[in-house]
Amino acid sequence: MKLSLAAEEVATFYGKMLEHEYTTKEVFRHNFFRDWRKEMTAAERKVIKRLSKCDFTEIHRHFADRAAARRALPREEKQRLKEEAEKLQQEFGYCILDGHREKIGNFKTEPPGLFRGRGDHPKMGMLKRRVLPEDVTINCGRDSKVPEPPAGHQWKEVRSDRTVTWLAAWTENVQNATKYVMLNPSSKLKGERDWEKYEVARRLKGVVDEIRSRYRADWKSREMKARQRAVALYFIDKLALRAGNEKEEGESADTVGCCSLRVEHVQLHPEADGCPYVVEFDFLGKDSIRYYNKVPVEKPVYRNLQLFLENKDPGEELFDRLTTASLNKHLQDLMDGLTAKVFRTYNASITLQGQLRALTRAEDSIAAKLLSYNRANRAVAVLCNHQRAPPKTFEKSMQALRSKIEAKKQQVAEAKAELEKARAGHASREDGSFLEKRRRRLEKLEEQLVRLGTQATDKEEGKQVALGTSKLNYLDPRISIAWCRRFGVPVEKIYNKTQREKFAWALDMAGEDFEF
DNA sequence: CAGTGAGACTCAGAAATTTCAAA
DNA sequence: TTTTGAAATTTCTGAGTCTCACT
């Protein structure tokens, strides 16, 4: 069937995703179909009445072929495409801020497509419309040259607001949320903010003992609100939970954080695994990532939880007298600039620093030190519950690594035997360098074997743990840089180019004796 | 003056793309 | 060498946090 342009485009959005799990979900299919029908002409609507009767395979094949053709392009052609993209980046990817040329993070508006919410998102599959210049507000300096809108178009608005950092903004139709064009993390502006964030966390370090005794005292408060706040804060501090704002029902997936925990998300065990007073958490957090944890808590916490749970239905809030606003207000009184999320930053960074101290041996090889670093990083990622789907190829590549280790072991054994043979024959030879050569070969192979073993351990332990988020957003880079300098590990081993650019501020200021 | 919603920012994992090492 | 495929990196954009103005 020949579709109108508008209906065809929306159909291609679906066709491209045919292999994706999304297209098996009822909500996704339903939302897509409803929005698709809105794009159809009256005549099309008359014919196309059931999604299940539509065949998108031809569309899907078309795009699969196109992608394959692109991959098969000759080298020179690919090079040309790359250069073109670079030209675009140079022309539109930078701005001048306070006289400095700064890289922009996202300089392209988001293309139209089908909304891909995480978890059980009620809006998944809805049509995300094309952004037109008429939707875009430009924010630039009063005296700067206003970027030209595409020919025949106009910007929605041009303003000069010095109180915000965004360069352009538009409203996305699915969630009715504002989207922004902002600077790259490597920019001075973002770098300063990043630094400030860690400085607030370091100030928390100075008062955290006091805050802890305060909330422990509040566990016995006469005021219910204060008790709930104190227990919630204990969780935020001990378990690095997020604050947990209220969410509008039906607008997004049903996820919670600390303050929005419901009765159904916690279970109390007077005793479990040999420990008294155990709380079992099971809920979906940000991005619908499951948080599951069984933690022994102190008796007063346990007693309070029993109290909070009394006479409540599973769907009711555990901390019914508490909101993130009131919690943060309280925190603000305890320390200037303190909010719930600062505890995550603080605990992540202090954990990294502690783990690095505990795990690193000065006499270790670089590879062993890097394993220690990764383990420290992983401890933080586990604390923050940063998870990833195990890579689809995980088992396969793990197996490949194992067989590689076996092969290397074999080689080592052979090299050993050869060395022995060379030793035995040495007396009768003039040339000692032959023996030396064999010895070096064995040494090198053994080194490689150790490295592979390290790699395997690392891989297995990190199967479901996502290290990137903590590394990028929670760990004061100065801790890592100081560690590198102290132990002679090249910074490039832990931060790639992009990360070094983002953390340029820290590379400038962290000496080897930096302490968080 | 508590609650509410918009706005602006940080943080999040998946997906796409590029790089690199091994076959 | 050239090809292939896995790992590393980059891009993408959705999902949180928190502030502030308003009622």
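Proteins get letters first, then strands, A, B, ... in listed order; numbering begins at 1 in each. In this text, all values refer to a predicted model and were calculated from it rather than measured experimentally.
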When all nucleic acid strands are considered with a 4.0 Å heavy-atom cut-off, which category describes R71(A): base, sugar-phosphate, or nothing?
nothing

Scan K128(A) against the nucleic acid and name what it touches under 4.0 Å (heavy atoms): base, sugar-phosphate only, or nothing.
sugar-phosphate

Quickly work out the L472(A) CG to dT11(C) P distance and round it to whole Å.
13 Å

Within the structure shown, what part of the strands sits under 4.0 Å from G468(A) by heavy-atom distance: base, sugar-phosphate, or nothing?
nothing

Going 5' to 3' through nucleotides 14-20 of chain B and flagging B where a protein heavy-atom sits under 4.0 Å of the base, S where only the sugar-phosphate is that close, and - otherwise, we get SS---S-

d(R202(A) CZ, I350(A) CD1) to nearest 0.5 Å is 9.5 Å

Quick one: sort the W36(A) and F56(A) rings into parallel, tilted or perpendicular, breaks at 30° and 60°.
tilted

Does R212(A) CZ have over 12 foreign heavy atoms under 6.0 Å away?
yes

Closest-nucleotide 5' rank along DNA chain C - winner of N106(A) and K497(A):
K497(A)

Could you tell me how far apart E251(A) (CD) and dG16(C) (P) are, to the nearest whole angstrom?
13 Å

Could you walk me through whether D35(A) and R129(A) satisfy the salt bridge (charged side-chain N to carboxylate O under 4.0 Å, His left out) test, starting with their C-alpha distance in whole Å, then the side-chain angles of each, then the deciding distance to 0.1 Å, before giving a yes or no?
CA-CA 10 Å; D35(A) 280 2; R129(A) 299 184 175 285; over 6 Å; no

Atom OG of S186(A) and atom CD1 of I104(A): how far apart are they, to the nearest 0.5 Å?
11.0 Å

Between H386(A) and dA12(B), is there a side-chain N or O to OP1/OP2 distance below 4.0 Å?
yes

What's the NE2-C1' distance between H121(A) and dA12(B), to the nearest Å?
15 Å

Is the distance from OP1 or OP2 of dT10(B) to the nearest side-chain N or O of K190(A) less than 4.0 Å?
yes

Does a side-chain N or O from T255(A) land closer than 4.0 Å to OP1 or OP2 of dG16(C), or not?
yes

Under 4.0 Å, counting only non-hydrogen atoms across every strand here, what does K247(A) touch: a base, just sugar-phosphate, or nothing?
sugar-phosphate

Where each residue is assigned the nucleotide of DNA chain C containing its nearest heavy atom, which of T498(A) and F115(A) is assigned the position nearer the 5′ end?
T498(A)

Does K16(A) make a cation-pi contact with F63(A), if we ask for NZ or CZ under 6.0 Å from the ring centre and within 45° of the axis?
yes

Does the side chain of I236(A) reach to within under 4.5 Å of the side chain of L327(A), using non-hydrogen atoms?
yes

Are OP1 or OP2 of dT10(C) and a side-chain N or O of N496(A) less than 4.0 angstrom apart?
yes

Given atom CG of D120(A) and atom P of dA15(C), what is their separation to the nearest angstrom?
12 Å

Identify, residue by residue, the members of residues 194-206 of chain A with a heavy atom below 4.0 Å from DNA chain C, and return them in order of residue number, or none.
none

For S470(A) and E248(A), take the nucleotide of DNA chain B holding the closest heavy atom to each; which residue's nucleotide lies nearer the 5' end?
E248(A)

I need the CE-P distance between M182(A) and dC11(B), as an integer number of Å.
13 Å

Figure out the CZ/C1' separation between R344(A) and dG16(C), and round it to whole Å.
10 Å

Between Y474(A) and T323(A), whichever has its closest DNA chain B nucleotide further toward 5' is T323(A)

Is the number of heavy atoms from other residues, nucleotides or ligands within 6.0 Å of CG (D120(A)) greater than 12?
no

Which label fits F281(A) and F283(A): parallel for a plane angle under 30°, tilted from 30 to 60°, or perpendicular past 60°?
perpendicular

Taking NZ in K493(A) as the centre, count heavy atoms belonging to other residues, nucleotides or ligands within less than 6.0 Å. Is the count above 12?
no

Does any non-hydrogen side-chain atom of P477(A) lie less than 4.5 Å from one of Y198(A)?
yes

Between dT11(C) (P) and L88(A) (CG): distance, integer Å:
13 Å

Measure from NZ or CZ of R500(A) to the centre of the six-membered ring of Y495(A), then state whether that distance is under 6.0 Å and the direction lies within 45° of the axis.
no

May I ask you to say what P111(A) touches in the nucleic acid, namely base, sugar-phosphate or nothing, with a heavy-atom cut-off under 4.0 Å?
sugar-phosphate

d(CZ, R321(A); C1', dA2(B)) in whole Å
15 Å

Go through the structure and list residues passing salt bridge (Lys or Arg N to Asp or Glu O under 4.0 Å) with R290(A), not counting sequence neighbours.
D282(A)

May I ask you to check whether F115(A) and H121(A) place their ring centres under 6.0 Å from each other?
yes

Walk along nucleotides 17-23 of chain C from 5' to 3' and tag each nucleotide B, S or - by protein heavy-atom contact under 4.0 Å, base first, then sugar-phosphate.
BBS----

Heavy atoms of other groups near W155(A) CH2, more than 12 under 6.0 Å:
yes

Is T469(A) close enough to dG13(B) that one of its side-chain N or O atoms is under 4.0 Å from OP1 or OP2 there?
yes

For DNA chain C, what residues of residues 160-181 of chain A have any heavy atom nearer than 4.0 Å?
Q175(A), K179(A)

Mind jotting down which residue pairs meet the salt bridge (Lys or Arg N to Asp or Glu O under 4.0 Å) criterion with at least one end in residues 182-193 of chain A? Sequence neighbours excluded, please.
K188(A)-E192(A)

